S.K.: 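One structure, as structure tokens, below. Some questions next.
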Amino acid sequence: MYYKVSGVTGKLTGATAASAYSPQGLKPTVPSQAPPMIFAVPTKVVSETGSVAHYMGINKVPELQKIFQVFFKGLLHPKMKMTTMGLTIGGTLYCLMALYIAAQPRKPQ
Amino acid sequence: MAHQAHAYHMVDPSPWPLTGAIAALLMTSGLAIWFHFHSTTLMTLGLILLLLTMYQWWRDIIREGTFQGHHTPPVQKGLRYGMILFITSEVFFFLGFFWAFYHSSLAPTPELGGCWPPTGITPLDPFEVPLLNTAVLLASGVTVTWAHHSIMEGERKQAIQSLALTILLGLYFTALQAMEYYEAPFTIADGVYGSTFFVATGFHGLHVIIGSTFLAVCLLRQIQYHFTSEHHFGFEAAAWYWHFVDVVWLFLYVSIYWWGS
């Protein structure tokens, strides 16, 4: 004997073996292989693109990148990161110390 | 991107979430230390750390999205969802203050004189500077839409001009509001009228400043060729935020300035 919970009464009721083994029913046509997975639109070769992205003016980004990396990367950004990490660690310690001191009972005035 | 079999962005390890969290710790504890011990050092430290975190985190995102190519269509979809959800949370934030306003103004207590505006309060004339402010923000909504269409059509000069005009209008609004605040015949301490007025319009003003800053960053990026006619989500996010700020003002104007006067 197989059982199921009746969708109508909410009580336990009898069921057939077929419905017990596959409660949601068998899908009539199930492909044996997974459907081909579709990722995002694959990168197209520029000559194939139908709607071309319009860049406004000539693209100066590569040469600006070179200037940027030579000048800034050497100087500004690594220093900024070190400063940030320093402030993070130092700030945390300062904060914990300040909170510890603040938690001490004060003398009544 | 060359060695992954999916279109999603597995972000490189980054210290900025940690530094941001520590900044929040320092700012909140710093606030408490300021209140009780009159020292602003900790809070200032937190603010500096917050600014550094914001600059570096968003700089990294811009790098990832532009020349590193990580912002594929599915990734961009996620970013869109994120921005929509964030703006929705801000809507709820303002809803709270509107609730407070309507709670007090629909049933004014005897202490207020049983009327709204309360006895002794001279409200601002809604048809003077507040109306100008409304026109300014509505115009800025037009100019930001103009900027969007310019970007989509590849019109570089127009995009820069309309975006700059939008920012100028935003700054004009801020200047006018600041002047109104200075000249107002009532203060935040003037009962529930003052509280609801200045907290609601004050937070709105803060959002105008944030929105103007976001648009200014977009202007810098537009000048530096970051946006293409197909891919400019940073700008779209800024435009959405700006429209949200505009809509909040319209509700503020109608509820607090006009109906509430």
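We name chains A, B, ... by the order of the sequence lines, and we start the count at 1 in each one. Since this is a predicted model, take the numbers as computed values, not measurements.
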S.K.: What are the two closest heavy atoms between A/Leu99 and B/Ser29, and how far apart are they?
M.R.: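 Smallest heavy-atom distance, with atoms named: CD1-OG, 3.9 Å.
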S.K.: Please list, in residue-number order, every residue in residues 81-88 of chain A that has a heavy atom less than 4.5 Å from any heavy atom of chain B; write 'none' if there are none.
M.R.: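 Listed by number: A/Lys81, A/Thr84, A/Met85, A/Leu87, A/Thr88.
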S.K.: At what distance, to the nearest 0.5 angstrom, does CD1 of B/Ile22 lie from SG of A/Cys95?
M.R.: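 Those atoms lie 8.0 Å apart.
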S.K.: Within a reach of under 6.0 Å around CH2 of B/Trp146, are more than 12 heavy atoms found that belong to other residues, nucleotides or ligands?
M.R.: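 More than 12 heavy atoms, drawn from other residues, nucleotides or ligands, come within 6.0 Å of this atom.
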S.K.: Between B/Thr66, B/Ile48, B/Thr41, who has the most heavy-atom pairs with chain A when the cutoff is under 4.5 Å?
M.R.: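 So the answer, after comparing B/Thr66, B/Ile48, B/Thr41, is B/Thr41.
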S.K.: What's the shortest heavy-atom distance between B/Leu42 and A/Gly91, and which atoms?
M.R.: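 Shortest heavy-atom contact: CD1-O, 4.4 Å.
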S.K.: About how many Å separate NE2 of A/His77 and CZ of B/Arg59, when rounded to the nearest 0.5 Å?
M.R.: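 It is 5.0 Å, given to the nearest 0.5 Å.
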S.K.: Sequence neighbours left out, what passes ring pair (Phe, Tyr, Trp, His ring centres under 6.0 Å) with B/Trp240? Give chain and number order.
M.R.: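 If we apply the ring pair (Phe, Tyr, Trp, His ring centres under 6.0 Å) test to B/Trp240, skipping adjacent residues, the hits are B/Phe233.
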S.K.: Kindly check if the number of other-residue, nucleotide or ligand heavy atoms within 6.0 Å of OH (A/Tyr94) is above 12?
M.R.: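 More than 12 within 6.0 Å, yes.
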